[in-house]
Amino acid sequence: MEYNFSEIEQKWQKAWNDANAYAVSNESDKPHYYVLDMFPYPSGAGLHVGHPLGYIASDIYSRYKRQCGFNVLHPMGFDAYGLPAEQYAIQTGQHPEVTTNKNIERYISQLRKIGFCYDWSRAVKTCDPQFYHWTQWAFIQMFNHYYDNVAQKAKPISELVARFEREDPTWATLSEREQQERLMQYRIAYLADTKVNWCPELGTVLANDEVSEGLSVRGGYPVEQRVMRQWCLRVSAYAPRLLEGLDRLDWTDSLKDTQRNWIGRSEGAEMQFLVKSRKSKVESGKSKVESANDDFPITIFTTRADTVFGVTFMVLAPESEYVGRLTTDEQRAEVEQYLAWVKHRTERERIADRKVTGVFSGSYAINPLTNAEIPIYISDYVLAGYGTGAIMAVPAHDSRDYAFAKHFNLPIIPLIEGADVSEQSFDAKEGKMMNSGFLNGLDVKDAIAKMKEYITNTGIGRVTINYRLRDAIFSRQRYWGEPFPIYYKDGMPYPIPEDCLPLELPAVTEFKPTATGEPPLGHAQVWAWDEKNKKVVESRKSQVESGVYPLELCTMPGFAGSSAYYLRYMDPHNNEALVSRQANDYWQQVDLYLGGSEHATGHLIYSRFWNKFLFDLGLVCKDEPFRKLINQGMIQGRSNFVYRYIGEGATGNLYVSYNLINNPEYKDKVQPIHVDVNIVHNDVLDITAFRNWMPEFKNATFVFADGTSSEVEDNPYLGAAMPKQYICGWAVEKMSKSMFNVVNPDDVIANYGADTLRLYEMFLGPLEMSKPWDTNGIDGVHRFLKKAWNMYETVTDEQPTKEELKSLHKLIKKITWDIENFSFNTSIPAFMIAQSELAALKCNKRAILEPFAVLLAPYAPHIAEEMYHRCRALNSQLSTLNSFVIDAQWPELNEAYLVEDTQKYPVQFNGKVRFTLECPKDTPKDEVEKLVLAHEDTARYLAGNTPKKVIVVPGRIVNIVI
RNA sequence: GCGGCAUUGGCGGAAUUGGUAGACGCGCCAGACUUAGGAUCUGGUUCCUACAAGAGUGAAGGUUCGAGUCCUUUAUGCCGCACCA
């Protein structure tokens, strides 16, 4: 019987669907297991073969866990808010919701064809009001909480208010507005004027992880710096816990390192440098006596406290609050010119052009250790966002300070013995100190410690830890995102009551910013908050009636919806809470999370932050969301090329086969042209399809692999002509439309079936590695399924032989190990070997074939399901379609057959194998040694010598050193 | 600059704890069956070599009875971060 994959796959997909076979309950006596894929953004291009790689792996693991008796939560959903749908809306006027829903439909139909065991009843999409209800709700909680740095957890803002009332007598004297402004500095979700990444082309701000090398990650448009009033999330407050939490996670080291790097903890010290009042300096006798009151301290952060003796100047970031205060009248014009220049530079220019720039402020500070007067400069190599935005410059031991000192001709004092700083700085933290007062002679590490002690004792500073991680900017001047549940009264933000959620995204007809430069929500007719009646009303009413206030016009960024979606799957239809206590207690956390490593510094930080916040509020039971995480590699494209002849007499119509392009007559006379990989099979071009592909190839002629141009080979037999082969070249490139190398899983499924696609994606290589999609091997995998299928032609109830059982048990052991270790690629060879062994034994016994199908089921569920039922059909009582492979338990290992009764020991003399000793498998090491020495071959090879050493390895080998 | 990962036949890749390197698949070669076909089956296929023998996991050292695997140095490629004080 033919392996009719499309019939089998359709039959079982329908059966699973009709029986609701993969619906999961929150109430079960079984142990729980939660397997999650990073949900996709449904792009207009649909899925290509790279997308399902991780989904297939997680599906295999889910099915396996289910077969092992676990209650497995394995959901899928859609990250539905995002820029592409909105950009498309701006261009076409098509509402993003329409486009998004269309794309989601397409994704679902593509995913269904691959045969995943998702519980579709739990599907979520972030743009659904029932879903973003809880995104908005979480935001309100963040607004209503502050981070208590002593307790290291979030606490209600009311507690902070109570503390102010109790401890701060000035609190009561503040106006409502002043109080609110003060609280704003503590809230976890807060409004602040911050320097943001502004992308003029997209008309919105972007978070740091959404910008790469001065360009937006989506679209690649230039990004500039701007100060704007924005919603921010106090992610930085959680930096210590985000860092420390990594130690308890089962993630790869590289991903943990990426996060550690991004969080960027550095131990150091803050120190105060007193700025000499310039007035008293410039003119001491003339005006009234300017006292030391005019002196003020600037705080700097350093990790090299040991180098204070070498500080010869200071540098402030151009955005530093001290700049205005420090600039002297004489320097003001120059400073302002510099500030203007810095401001107009885009981030990209700043990165590309790293020449030394800066300006003297006119002021001097006092080095607290040497009492030397040191000039204060302003330069954009000091970042406002890191540390205090001010540094002490040690040119001898910091390369950036060194370059600056050389440029401005500032003194350089070497502090480490033997360090030559005439050409470059000595940055390494090693060596013995000199020119450093009481630090002289100490090793750098000891000097740092001693200086920290000194700083603490004298009170000129304090030991502190600095983090690179910054607060997340949470406002987007965009339409297609979650609206903020916030309205403004007297310019101050207030959350709308929780029982009024969700605050639904209003309809608009224009997706561009308004004429006055407001975000697109400014176009909404109905977008104002009636405080008394607790409802959204027409925008214009806020102008006239009292009690009606404008609503926030920004929306939330993409990561808002994806930060807690894994919790929602636990309890997706709950209208009372994000997730019920009971559901959360049952599922606990995501046991296995699969997705790309590109989310390392975005989604995976934000999710952990969000989860920790909810944990602080006692709403979730685990403080980390994802216990084990695996990054699947990217699937690159494998492009194919034809080679157009452009040499002498070229007509532009002649294409040379790849194997010939280095021949003298064609070398450097051909031009590679991308050809659609879908009309190439195993690098052989389908000539007819090529001619029909595009008009310019309609009259194409070829030099075929054999070097001739005639399309028909002389045929010694009568009849049909033999088509000749044109070989294409290839290269690994990004999978994209313009390279004509996009492979759609639908096409693979149509030609080979979903089971072949699943198996082949796994066979391609290790899950975590990047690899090109190369269809050349797919036939081999498909052939395996066909051969396996043929074994189920007739199934008998005969007793299996020992050999057959051994083959099966070897397979059970291997597949179990593979799945537990996510080594899916090595399973396919194991199946192939077992299949060929069983076929050689002509095995058609149910006792073997039924477990074989069970083992295959996670990888190729449709064919396995059919095989399984063919086995069960032997017994008519079991032949109903109501039981599925998923009900069958993973086969138990039978140790008796797994291991051979005898063990073979290859015996080596000085590394060369001379004979093989066979003995009972449990023979102890020293017994093996005795048997080897007693062997007749041993005596022959020893030839009277005594062996120096006999090594019996627990595995197999016996090594004799003569 | 800092951090991480990789490097094995013509190709993708196996080798799970340091123990017969090259599993399995592709491709290629030979054969079988066939009114020749992009079907199926069988055998072969790291390199060098007529054989025997030898060499061999980017390179060079080291540890070990034994190294693709561990250590040191180094080369190349990929990824992440980057005036982070």
Side-chain angles (χ1 to χ4, degrees), chain A residues 212-213 252-262 264-266 268 300-304 307 315 350-351 354 356 379-383 385-394 397-401 403-404 427 466-470 597-598 600-601 633-634 638 681-684 686 713 715-723 725 730 760 763-766 768-772 774-781 783-784 786-787 814 817-818 820-821 823 825-833 836 904 906 908 910-913 916 948-951 953-962:
Chain A
S212 176
E213 300 192 353
T252 60
D253 289 338
S254 76
L255 192 73
K256 285 187 192 178
D257 280 336
T258 304
Q259 288 214 343
R260 286 194 188 107
N261 211 320
W262 187 261
R265 180 183 196 272
S266 37
I300 59 94
F301 173 78
T302 181
T303 54
R304 291 295 301 272
T307 59
V315 188
R350 211 176 68 83
I351 290 165
R354 281 195 182 167
V356 177
S379 172
D380 68 350
Y381 85 89
V382 173
L383 305 177
Y386 185 78
T388 60
I391 62 156
M392 60 176 214
V394 187
H397 302 289
D398 183 289
S399 53
R400 297 153 300 177
D401 298 345
F404 195 85
D427 291 16
N466 212 336
Y467 293 92
R468 201 180 67 92
L469 183 70
R470 293 177 219 179
S597 56
E598 67 272 19
T601 54
M634 293 257 281
R638 187 181 187 278
H681 191 265
N682 286 5
D683 292 336
V684 176
D686 180 334
E713 200 170 3
N715 192 339
Y717 299 84
L718 289 172
M722 169 73 179
Q725 294 199 329
W730 59 275
Y760 189 61
F763 183 61
L764 220 46
E768 304 189 58
M769 246 193 253
S770 290
K771 56 236 163 194
D774 175 357
T775 336
N776 285 353
I778 200 165
D779 293 306
V781 170
R783 246 190 309 266
F784 155 69
K786 274 200 267 188
K787 287 191 228 168
K814 170 70 177 152
W817 191 92
D818 278 351
E820 296 281 5
N821 292 282
S823 177
N825 55 321
T826 60
S827 301
I828 285 89
F831 278 119
M832 290 174 175
I833 292 166
S836 73
K904 284 179 181 168
Q908 300 181 349
N910 284 353
K912 301 279 180 289
V913 180
T916 303
K948 274 187 195 154
K949 211 183 239 181
V950 179
I951 303 137
V953 178
R956 279 174 290 167
I957 289 172
V958 181
N959 205 314
I960 298 178
V961 184
I962 303 171

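Note on naming: letters A, B, ... go to the chains in the order of the sequence lines (proteins, then strands), and numbering restarts at 1 for each one.
- In rG9(B) the O4'-C1'-N dihedral to the base is within 90° of 0, which defines a syn nucleotide.
- Here the side chain of Asn821(A) pairs a donor or acceptor atom with the backbone of Trp817(A) at under 3.5 angstrom.
- For rC79(B) and rC24(B), the C1' atoms lie 29 Å apart once the distance is rounded to whole Å.
- Taking OH of Tyr386(A) as the reference point, atom OH of Tyr467(A) lies at 10.5 Å (rounded to 0.5 Å).
- Here the separation of rA14(B) from rC70(B), taken at their P atoms, is 15 Å to the nearest Å.
- For rA85(B), one of the phosphate oxygens OP1 or OP2 lies less than 4.0 angstrom from a side-chain nitrogen or oxygen of Ser266(A).
- Distance alone, capped at 3.5 Å, places no donor-acceptor pair between the Arg265(A) side chain and the Asn466(A) backbone.
- The nearest whole Å value for the distance from the CD1 atom in Ile828(A) to the P atom in rC26(B) is 14 Å.
- Checking Ser836(A) against Lys787(A) by side-chain atom types alone, no donor-acceptor pair falls below 3.5 Å.
- On the C1' atoms, rG62(B) is 34 Å away from rC11(B), given to the nearest whole Å.
- For the pair Asp818(A) CG and rU16(B) P, the interatomic distance rounds to 12 Å; values are reported in whole Å.
- Rounded to a whole angstrom, the distance from the P atom of rA39(B) to that of rG27(B) is 9 Å.
- Closest-nucleotide positions on RNA chain B for Asp253(A) and Ala830(A) were compared, and the one nearer the 5' end corresponds to Asp253(A).
- Using a 4.0 Å heavy-atom cutoff across all strands shown, Asn821(A) reaches no nucleic acid atom at all.
- rC28(B) atom P lies 10 Å from atom CG of Asn776(A), rounded to whole Å.
- Remark: the Thr826(A) side chain and the Asp818(A) side chain contain an N/O donor-acceptor pair separated by less than 3.5 Å.
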Along nucleotides 10-15 of chain B, 5' to 3', which nucleotides get a B, which get an S, and which get a -, given that the test is a protein heavy-atom distance under 4.0 Å?
--BSSS
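- The side chain of Arg468(A) approaches rC81(B) more closely than any other nucleotide in the set rG4(B), rG80(B), rC81(B).
- Using a distance-only test at 3.5 Å, with no hydrogens or angles considered, no donor-acceptor pair links the side chain of Arg638(A) to the main chain of Pro772(A).
- Taking the P atoms as reference points, rA67(B) lies 13 Å from rA55(B), given to the whole Å.
- To the nearest whole angstrom, the two P atoms, one in rU46(B) and one in rA21(B), are 14 Å apart.
- The interatomic distance linking Met832(A) (CE) with rC24(B) (P) rounds to 10 Å, in whole Å.
- If you take CH2 of Trp262(A) and C1' of rG3(B), they are 15 Å apart, rounded to a whole angstrom.
- If you check every strand for non-hydrogen atoms under 4.0 Å, Val394(A) touches nothing.
- Judged by distance alone, with hydrogens and angles left aside, the side-chain atoms of Gln259(A) form no donor-acceptor pair with the main-chain N or O of Thr601(A) at under 3.5 Å.
- Remark: P of rC81(B) and CG of Asp257(A) are 14 Å apart, rounded to the nearest angstrom.
- Here the separation of rC29(B) from rG77(B), taken at their C1' atoms, is 34 Å to the nearest Å.
- Nearest to the side chain of Ile391(A), among rA85(B), rG38(B), rG4(B), sits rA85(B).
- The residue Arg265(A) sits apart from the nucleic acid: no heavy atom pair falls under 4.0 Å.
- Of the possible polar contacts, one joining the Asp401(A) side chain to the Val394(A) backbone as a donor-acceptor pair under 3.5 Å is found.
- Checking rC24(B), rG80(B), rG3(B) against the side-chain heavy atoms of Pro829(A) singles out rC24(B) as nearest.
- A distance of about 16 Å separates the C1' atoms of rU20(B) and rU69(B), rounded to the whole Å.
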RNA chain B in dot-bracket, Watson-Crick or G-U pairs under 3.5 Å, [ ] crossing, | other strand?
(((((((..(((......[....)))((((((.......))))))((......))..(((((..]....))))))))))))....
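- Between Glu598(A) atom CD and Thr258(A) atom OG1 the span is 12.0 Å, to the nearest 0.5 Å.
- Between Tyr381(A) and Phe404(A), the ring-plane angle classifies as tilted under the 30° and 60° cut-offs.
- At whole-Å resolution of the value, CZ in Arg260(A) and P in rA82(B) are 18 Å apart.
- A donor-acceptor pair under 3.5 Å is formed between the side chain of Asp774(A) and the backbone N or O of Asn776(A).
- One finds a side-chain N or O of Arg783(A) lying less than 4.0 angstrom from the OP1 or OP2 phosphate oxygen of rU40(B).
- In this structure, CD of Gln259(A) is placed 14 Å from C1' of rG3(B), rounded to the nearest angstrom.
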